[in-house]
Amino acid sequence: MPKNIKNFQILISEEEIARRIIGLGQEISGFYNDNSVIVIGVLKGSFIFLADLVRRINSDVHIDFVGISSYAGTQSTQDIKLTRDLSINVEGKNVLVVEDIIDTGLTISYLQKYLVEKKGAREVKTAAFLSKPLARKTTCVVDWVGFEIGNEFVIGYGLDYNERYRELPYIAIYKE
Ligand code: IMP
């Protein structure tokens, strides 16, 4: 892996991630049991977390994705846009939104409202791989969190800096 890692500091290792995903999968499977759930990944950042997580959920899983854009560089723009809509009808269904990271909370609040009010989902739960509780600009409910971190900007495991570093198998702190 020929990467320039001089700006990186590993925060969460591959091994820690693998262990936590098993735990999250058990908790989520225990919650849904034999019921079906539509798992909605928020593109692009959630794609690796979602792929690992659904393989640890024993319930009846359907998968879809939404695209949301709100970030430029390391800054949230607060201007949230739906760039890709659902392809599955979620009306009256249980939905689990899978997010890479909850930062200000604006994206997840927007999406939770959208899925209930516009799409008629019966119940919306949220699983986030990372959460930055100190960065919240709105109150939002996150049902399962992989790891809580500080306000540092992180990359890897699906998370990017200007579309780079999503493929890193660990979470690292990015320093400009
Ligand atoms: P929020 O709306 O501020 O909660 O931001 C959520 C989105 O911002 C996430 O889905 C990420 O795409 C992006 N984001 C927030 N913090 C980071 C970070 O530290 N690294 C990479 N992307 C981030």
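First listed ligand is number 1; within each ligand, the first listed atom is number 1. These figures come from a predicted structure and were not determined experimentally.
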**Q** Any chance NZ of Lys118 has more than 12 other-residue heavy atoms, nucleotides or ligands included, within less than 6.0 Å?
**A** no

**Q** Which atoms of ligand 1 sit under 4.0 Å from any heavy atom of Thr107?
**A** 1 (P), 2 (O), 5 (O), 6 (C)

**Q** Could you pull out the closest heavy-atom pair between Phe49 and Phe129, with the gap in Å?
**A**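 That would be CE2-N, 3.4 Å.
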
**Q** Checking Thr83 side chain against Gly67 main chain: does a donor-acceptor pair fall under 3.5 Å?
**A** yes

**Q** Against ligand 1, does Val154 come closer than 4.0 Å with any heavy atom?
**A** yes

**Q** With backbone taken as N, CA, C and O and side chain as the heavy atoms from C-beta onward, which portion of Ile101 lies under 4.0 Å from ligand 1: side chain, backbone, both, or neither?
**A** both

**Q** I need the contact type for Lys137 against ligand 1. Using non-hydrogen atoms and a strict under-4.0 Å cut-off, is it side chain, backbone, both or neither?
**A**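 It is neither; nothing of Lys137 touches ligand 1.
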
**Q** I want to confirm something. Looking only at heavy atoms, which of Ile173, Asp100, Ile155, Val142 is nearest to atom 10 (O) of ligand 1?
**A**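 The nearest heavy atom belongs to Asp100.
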
**Q** Rounded to the nearest 0.5 Å, what separates atom CG in Asp64 from atom OG in Ser87?
**A**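 Answer for the CG-OG pair, Asp64 versus Ser87, is 3.5 Å.
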
**Q** Sequence neighbours excluded, which residues qualify as side chain to side chain contact (heavy atoms under 4.5 Å, CB included) partners of Arg164?
**A** none

**Q** So for atom CG, which belongs to Asn151, do other residues, nucleotides or ligands contribute more than 12 heavy atoms lying within a distance under 6.0 Å?
**A** yes

**Q** Under 4.0 Å, counting heavy atoms only: does Gly45 come that close to any atom of ligand 1?
**A**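 In this structure, Gly45 fails to qualify as a contact of ligand 1 - no heavy atom is under 4.0 Å.
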
**Q** Under 3.5 Å, is there a donor-acceptor pair linking the side chains of Asp160 and Tyr174?
**A**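 There is no such pair between these side chains.
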
**Q** Can a non-hydrogen atom of Asp160 be found less than 4.0 Å from any atom of ligand 1?
**A**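 Flag set, Asp160 near ligand 1.
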
**Q** Out of all atoms in ligand 1, which are within 4.0 Å of some heavy atom of Glu99? Include the element for each.
**A** 10 (O)

**Q** Which part of Leu159 is near ligand 1, with near meaning a heavy atom under 4.0 Å away: side chain, backbone, both or neither?
**A** side chain

**Q** Please collect all salt bridge (Lys or Arg N to Asp or Glu O under 4.0 Å) contacts where either partner lies in residues 40-58, sequence neighbours excluded, each pair once.
**A** Lys44-Glu163, Asp52-Arg55

**Q** Is Lys132 near ligand 1, meaning one of its heavy atoms is under 4.0 Å from it?
**A** yes

**Q** Is Leu106 in contact with ligand 1, taking contact as a heavy-atom separation below 4.0 Å?
**A**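 Heavy atoms of Leu106 do come under 4.0 Å of ligand 1.
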
**Q** Gly105 heavy atoms, cut-off 4.0 Å: which ligand 1 atoms fall inside?
**A** 1 (P), 3 (O), 4 (O)

